[in-house]
Each structure stands twice: as structure tokens, then as C-alpha cells.
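Take a look at the structure below.
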Protein chains: 2
Amino acid sequence: MRVKPQTRAVEDYTKTIYTIAERGDVPTTNAIAGELDVRPASVTGMLRKLAALQLIRYEPYRPVELTEAGRRIALEVIRHHRLIETFLAQALGMPWDQVHEEAEILEHAISERLEDRIAEALGHPEFDPHGDPIPRRDGTIARRELRPLPAFSSGEAVRIARIRRQDAEALRYLGSLGLTPGTTVMIHDKAPLDGPLTLELRDLGTSIVLAHHMAQTVMAEHGDAS
Amino acid sequence: MRVKPQTRAVEDYTKTIYTIAERGDVPTTNAIAGELDVRPASVTGMLRKLAALQLIRYEPYRPVELTEAGRRIALEVIRHHRLIETFLAQALGMPWDQVHEEAEILEHAISERLEDRIAEALGHPEFDPHGDPIPRRDGTIARRELRPLPAFSSGEAVRIARIRRQDAEALRYLGSLGLTPGTTVMIHDKAPLDGPLTLELRDLGTSIVLAHHMAQTVMAEHGDAS
DNA sequence: ATTAGAAATTAGCTATGGCTAACTTACAAT
DNA sequence: ATTGTAAGTTAGCCATAGCTAATTTCTAAT
Ligand SMILES: [Mn+2]
Ligand SMILES: [Mn+2]
Ligand SMILES: [Mn+2]
Ligand SMILES: [Mn+2]
């Protein structure tokens with residue numbers, strides 16, 4: 001799946017462009033700068049380089065688009081990232097709120113050989129601890145029809161599948177409530193005007209209340225289908 | 001054990017200076033350049049920087065010496081390196097001739113938190129797959145009285161403890177002969193004039209012949225003491 | 001059609017850590 | 001004591017990738 005040796009910056013920019021587009025946002029200079037925590041002027045510089053490398057299509061003042069080659073690199077780095085997260089959580093018992101930060105660096109440091117060994121040791125997982133899909137070696141990636149919790153109706157039982165958030169703070173909070181991928185919850189009540197949701201944890205039978213903006217980051221699918 | 005964030009170059013140079021001195025060589029500009037595969041002129045530049053950072057004592061045209069701060073950084077990186085080698089071998093079944101290359105990069109990428117988790121998962125090992133001692137968190141390091149195989153006499157039984165070599169080629173060869181740390185061998189014969197050694201593998205009862213210059217890299221201790 | 005303001009780009013820096021080519025220094029052999 | 005040579009240093013490059021400040025462009029509201 002690797003194409004040729006890339007610098008860390010090239011890997012981070014292509015990954016960022018991919019994820020911005022994947023979540024439905026537009027990969028503008030400012031959006032990329034915000035995501036990577038660099039100044040817009042620096043992004044313009046890198047975009048020129050990525051365009052020269054044929055990894056993006058770039059017209060000044062316009063949003064960018066990954067080429068097939070750029071997409072391949074992005075998926076490669078994301079595969080590293082999510083495999084590492086999964087490995088750290090499963091093999092080393094690292095809490096799910098710490099794995100992202102660690103993977104952010106390790107994703108650039110592991111060889112294809114190690115990538116394969118990790119995938120093998122984990123049994124080629126399809127999803128990471130946050131429910132993010134792990135791109136396969138061949139560049140394909142699992143697609144699911146997920147909706148945020150507030151998009152379901154009261155009375156529905158849903159299976160939490162993915163948390164669209166990576167900051168440790170939020171993850172620790174959601175984890176403490178038991179809202180992790182795989183958990184089934186019943187939507188008990190939705191307060192009006194974007195008010196909090198009341199959820200019932202199927203397994204424990206306990207009831208929890210979750211702010212609308214937090215529930216918005218919890219993606220789920222119908223019933224308790226696996 | 002960490003002091004403050006260091007660049008990869010700073011970590012590699014201090015590590016290299018430490019290992020050159022540790023094996024009994026003199027850390028000159030040329031020796032460091034050879035080890036790191038850079039030009040001597042580049043080494044001079046970095047030595048000036050390391051001196052400014054108070055990590056080495058440096059007088060132009062003289063061999064360098066690590067300060068206490070420099071030594072701490074070197075030991076930290078070496079601890080990372082050897083813990084990673086051990087982890088890759090034990091937890092992922094990676095062959096001992098591949099772990100060095102991988103660790104050479106990962107040593108700069110893991111956090112102190114991950115370092116601790118790896119050490120914990122392995123039960124705080126004292127030695128890596130090559131028998132190299134793993135510096136402890138407190139900066140101390142196991143010392144052993146080892147001698148190369150040719151330094152023993154015919155008829156002696158010795159326990160292999162360390163291989164002073166890191167190239168995959170040599171490690172694969174020694175591994176194929178069964179000459180790995182922990183193995184006990186009997187020195188059967190030493191041909192004169194730096195000729196090959198004939199060894200008997202205790203467990204298998206088989207006999208092998210090893211060139212003098214290879215035997216020179218195999219460090220052992222008397223008997224089969226653990 | 002104008003135009004204000006946001007978004008993006010350009011120009012010109014900086015730091016890091018490589019390199020080659022030219023030079024200086026140290027020292028060992030005479 | 002002199003001097004040739006290897007070792008080491010200096011000077012002047014280069015690439016990468018960040019920054020600020022100044023400028024240009026796009027667009028949406030008038
Ligand atoms: Mn990254
Ligand atoms: Mn994730
Ligand atoms: Mn290294
Ligand atoms: Mn080792």
C-alpha cells in the first residue's frame with residue numbers, strides 16, 4: 001500500500017485533507033490550518049508542494065482535492081493511526097482517551113512490516129476503539145449508515161458504533177457514562193429545543209442524561225445488530 | 001527520567017557517543033560520523049550545538065565526553081530502544097534480526113507513558129533480545145563480566161549472554177546456529193592463529209564451527225549460571 | 001456596480017540539520 | 001626541528017517547514 005517515502009508533513013497534510021472532506025467539511029486553507037494548528041500562510045506553502053507532488057489538485061483561492069495518489073497516502077497514514085490505537089488499547093490496556101495522542105506520532109514511525117504484524121496480532125480489526133473504520137491494506141474502507149443519537153426517536157434502542165471526537169476530556173466523560181462502541185442504549189427522552197437526552201443503558205439498567213451537543217458526537221445504528 | 005524535549009538528532013548523537021564510549025572506543029568526530037552515517041563536517045556542527053546545550057564537553061580537535069545531562073538523555077533513548085526491541089520480539093514475535101531497525105525509529109516516537117506500559121507488560125526486563133542491558137528508569141544499568149567466546153578455554157561450558165552485533169545478516173546467521181542469549185555451549189576446540197572455534201550445543205548435542213571473528217562478537221559468561 | 005471584510009497568497013524571515021570544498025591543526029615519522 | 005598526512009573545522013551551500021507582515025483576491029451585502 002505504500003507508494004514512496006514521505007515526510008511527516010506530507011503525511012499529516014494529506015491525512016488532514018482526507019478527514020476534513022470525510023466529515024463533510026470543505027478542505028480550505030483555513031480549515032487545514034485550524035486542524036493542524038499552523039498558520040494559513042504555512043498551509044499555502046505546503047499546498048504548493050503537495051500539488052507539485054501530484055498529491056492534490058490545487059487552484060489558488062479554491063478548496064483542494066486529493067488525487068488518487070494523495071488519497072492512498074492519506075488512507076495509509078489513517079490505517080497506521082487506527083491500527084496503533086487499537087493495538088495500544090487491546091494489547092497494552094491503554095485507555096481510549098490516551099491512544100489518539102500516542103498514535104498521532106507513531107503513525108509516522110512504524111514500518112509496513114510492523115503494520116502487518118500488528119494487524120495480524122489483532123485479527124485484522126475493522127474498527128478502532130472509537131469505532132472509526134480502519135482502512136484495509138488494499139485501500140478500501142468499511143462504510144456504515146450511522147446517525148447521531150439525537151437523530152433517533154424516543155423509545156428506540158440503538159447500538160453505539162462510533163464517537164466522533166478525539167479529545168481526551170470528552171472521551172473520558174463518555175467512557176465514564178458507559179457510552180462506548182458496542183453498547184446498546186434506549187433513547188428514553190429527548191428534551192425539546194436541542195435539550196439533553198435521557199438514555200437507558202441496556203445492560204446495567206441505569207439511566208443517564210446527556211447534553212445535546214455531546215449526543216451529537218455519538219454515532220449509532222438501529223437496534224442491537226452487530 | 002526525561003529532562004526536556006529533544007530533537008531526534010540530539011537523541012541520536014548522545015546515544016551514539018554513549019555507545020562508542022561504552023564499547024571501549026574513543027568518541028571522535030570521525031567515529032561519530034561513521035556510526036551515524038553522516039559527514040564529519042556535519043558532526044562538528046552538531047558537537048557545537050550539543051556543547052551549547054551542556055550535553056557534552058567539547059574542545060575542538062579532541063574526543064568528546066557526555067555530561068551528566070547528556071548521559072541521562074543517552075540512557076533514556078537506549079532504554080526506549082531496547083524495551084521496544086524486547087517488546088517487538090516477545091509480544092509480536094518479530095525476529096531478532098528485524099527489531100533493531102524498527103526500534104531505531106520508534107525510540108524517538110514513544111512517550112514516557114507508553115514506555116512505562118511496555119516495561120510493565122514485559123515484567124520490567126533487564127535485557128533485550130540481543131542480551132544488551134536495558135537501562136532502568138532511574139538511570140542505572142546492569143553490569144556483567146562477559147568475555148567473548150575466544151577468551152574461554154577448550155573444555156569450558158559457557159552461557160551465551162550477549163551478541164555485540166546488530167546487522168540483520170549476522171544475527172540471522174547466529175540465530176540459525178542456535179547461538180542466542182541463554183544458550184549454553186561447550187567450547188570443544190579452538191584452532192590456532194585465530195582459527196575457527198568448534199562448539200557443542202548443550203541442549204541439542206550438535207556440533208558447530210564458528211569463525212574467530214564471529215565468535216569474537218558472542219559474549220558469554222562461565223558455566224550455565226542464570 | 002461598488003465595496004468592505006474575510007480568506008488566501010506572497011515576500012521575506014527563522015531554525016534545524018544535512019552537504020561539499022577549502023582550510024587548519026595535531027602528531028608521528030623522519 | 002621539520003614536515004607529510006590524517007583528522008577536524010570552517011565557510012558557504014541546500015532543503016524542509018514553520019513564522020509574521022504586507023498584499024491580493026473573492027464574495028456577499030449594499
Ligand atoms: Mn500526525
Ligand atoms: Mn480513533
Ligand atoms: Mn535513532
Ligand atoms: Mn539490542
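Here is how names work: the chains are called A, B, and so on, in the same order as the sequence lines, proteins then strands, and each is numbered from 1.
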Summarise protein proximity over nucleotides 24-29 of chain D in one line of letters, 5' to 3': B for base, S for sugar-phosphate only, - for none, counting protein heavy atoms closer than 4.0 Å.
BSSS--
What is the separation between atom OH on B/Tyr58 and atom P on D/dA7, rounded to the nearest whole Å?
16 Å
Under a 4.5 Å cut-off applied to non-hydrogen side-chain atoms, are B/His81 and B/Glu11 in contact?
no
Nearest-angstrom distance from the residue atom CG of B/Leu53 to C1' of C/dG17
13 Å
Evaluation steps, side chain to side chain donor-acceptor pair (under 3.5 Å), between A/Thr140 and A/Asp138:
CA-CA 6 Å; A/Thr140 61; A/Asp138 65 8; 2.7 Å; yes
Apply side chain to side chain contact (heavy atoms under 4.5 Å, CB included) to A/Glu112 and A/Arg137, showing your working.
CA-CA 10 Å; A/Glu112 295 305 283; A/Arg137 276 224 83 158; 2.9 Å; yes
State the CG-CG distance between A/Leu66 and A/Leu55, to the nearest 0.5 angstrom.
8.0 Å
When you measure from the side chain of A/Arg165 to the backbone N and O of A/Thr217, does any donor-acceptor pair fall under 3.5 Å?
no
Rounded to whole angstrom units, what separation is found between the CD atom of B/Glu59 and the P atom of C/dA26?
11 Å
Of D/dA17, C/dT16, D/dG18, the nucleotide closest to the side chain of A/Tyr13 is D/dG18
Please give, in whole Å, the distance from D/dG18 P to A/Ile32 CD1?
12 Å
Audit row: A/Leu83, A/His80, side chain to side chain contact (heavy atoms under 4.5 Å, CB included) steps and yes/no:
CA-CA 5 Å; A/Leu83 274 175; A/His80 287 188; 5.9 Å; no
So, does B/Thr7 get its side chain near the phosphate of C/dG17, meaning an N or O under 4.0 Å from OP1 or OP2?
yes
Within the side chain of B/Arg57, is there an N or O that forms a donor-acceptor pair under 3.5 Å with the backbone of B/Glu65?
no
Any idea how A/His130 and A/Trp96 line up, ring-wise: parallel (<30°), tilted (30 to 60°), or perpendicular (>60°)?
parallel
State whether a side-chain donor-acceptor pair under 3.5 Å links B/Glu102 with A/Ser111.
yes
Check DNA chain C against residues 38-48 of chain A and give the residues with a non-hydrogen atom under 4.0 Å, in numerical order.
A/Pro40, A/Ala41, A/Thr44, A/Arg48
Nucleotide C/dG17, atom C1' - distance to CG of B/Leu36 in whole Å
12 Å
Phosphate contact (D/dA6 OP1 or OP2) by B/Asn30 side-chain N/O below 4.0 Å
no
Rounded to whole Å, how long is the line connecting atom CG of B/Leu50 with atom C1' of C/dT16?
13 Å
Could you state the atom-to-atom distance from CG of A/Asp12 to P of D/dG18 in whole Å?
9 Å
